[in-house]
**Student:** 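The structure's right below; bear with me while I get my questions together.
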Amino acid sequence: QVQLVESGGGLVQAGGSLRLSCAASGRTFITYAMGWFRQAPGKEREFVAGISRSGGSANYADSVKGRFTISRDNGKNTVYLQMNSLKPEDTAVYYCALNSNQAVVAGARVDYWGQGTKVTVSS
């Protein structure tokens, strides 16, 4: 049983930065692969970034490579998404994701979702 709570969303101008956080609670004494997806109004949910259990490897959607960085602090059961050089196209609700026995990658089915945090990038 896992609960995920995102925070850090908000309104930012194009070119600005935000850092999202996702805190896991519940049965979290074992770390799992985690990541982020996003969903813009009227569009389907899409993969953004994923990170391994140890934090030793990460993967990103092509649209955010070089701009976003995913990291985790296993002592705090928290994963982060540092978003730099934000574009209006990044506007979406961002969802934290956790998989118990597989990587968080593009196309993956997710075991647990957070409630989402909204990011709005103005032009």
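Owing to the predicted nature of the structure, the values given are computational and were not obtained by experimental measurement.
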**Student:** Mind checking the OH-SG spacing from Y112 to C22? Nearest 0.5 Å is all I need.
**Tutor:** 13.5 Å
**Student:** Is it the case that R53 places NZ or CZ above or below the six-membered ring of Y32, under 6.0 angstrom from the centre and within 45 degrees of the axis?
**Tutor:** yes
**Student:** Taking the side chain as every heavy atom from C-beta outward, state whether V48 and F68 have any pair of such atoms under 4.5 Å apart.
**Tutor:** yes
**Student:** I'd like to know if Y60 and V104 are part of one continuous hydrophobic network [Ile/Leu/Val/Met/Phe/Trp/Tyr, side-chain heavy atoms within less than 4.5 Å].
**Tutor:** no
**Student:** What are the two closest non-hydrogen atoms of M34 and C96, and how far apart are they?
**Tutor:** CE-SG, 3.8 Å
**Student:** Heavy atoms, side chains only, cut-off 4.5 Å: are Q115 and E6 in contact?
**Tutor:** yes
**Student:** Can a side-chain donor-acceptor contact be found between T78 and D73 if the only test is distance below 3.5 angstrom?
**Tutor:** no
**Student:** Considering all heavy atoms of both residues, which atom of S122 and which atom of L11 are nearest to each other, and what is their separation?
**Tutor:** CB-CD1, 4.4 Å
**Student:** May I ask you to test the Y80-I70 pair for a side-chain heavy-atom distance under 4.5 Å?
**Tutor:** no
**Student:** Donor-acceptor pair, distance only, cut-off 3.5 Å: does the side chain of R45 make one with the backbone of Q39?
**Tutor:** no
**Student:** List the atom of A108, the atom of A103, and the distance in Å for their closest heavy-atom pair.
**Tutor:** CB-O, 3.9 Å
**Student:** Under 4.5 Å between any side-chain heavy atoms of L98 and V110, yes or no?
**Tutor:** no
**Student:** Quick check: do T120 and V12 have side-chain heavy atoms less than 4.5 Å from each other?
**Tutor:** no
**Student:** Which distance, rounded to the nearest 0.5 Å, do you find between the CD of Q3 and the OG of S25?
**Tutor:** 4.5 Å
**Student:** Report yes if the side chains of L81 and T69 come closer than 4.5 Å at any heavy-atom pair, otherwise no.
**Tutor:** no
**Student:** Verify whether the ring centers belonging to F37 and F47 lie closer than 6.0 Å.
**Tutor:** yes
**Student:** What pair of heavy atoms forms the shortest contact from V121 to T91, and how long is it?
**Tutor:** N-OG1, 2.9 Å
**Student:** First locate atom OG of S21, then atom CZ of R72, and finally report the distance between them rounded to the nearest 0.5 Å.
**Tutor:** 13.5 Å
**Student:** For residues S123 and P88, report the shortest heavy-atom separation together with the two atoms involved.
**Tutor:** CB-CG, 3.9 Å
**Student:** Looking at every non-hydrogen atom in both residues, tell me the closest pair between D90 and R38 and how far apart they are.
**Tutor:** OD1-NH1, 2.9 Å
**Student:** Quick one: does D111's side chain have a donor or acceptor within less than 3.5 Å of a partner on S100's backbone?
**Tutor:** yes
**Student:** Looking at side-chain heavy atoms only, is the closest gap between L20 and M83 below 4.5 Å?
**Tutor:** yes
**Student:** Side-chain contact test, heavy atoms from C-beta onward, threshold under 4.5 Å: evaluate it for V79 versus W36 and give yes or no.
**Tutor:** yes
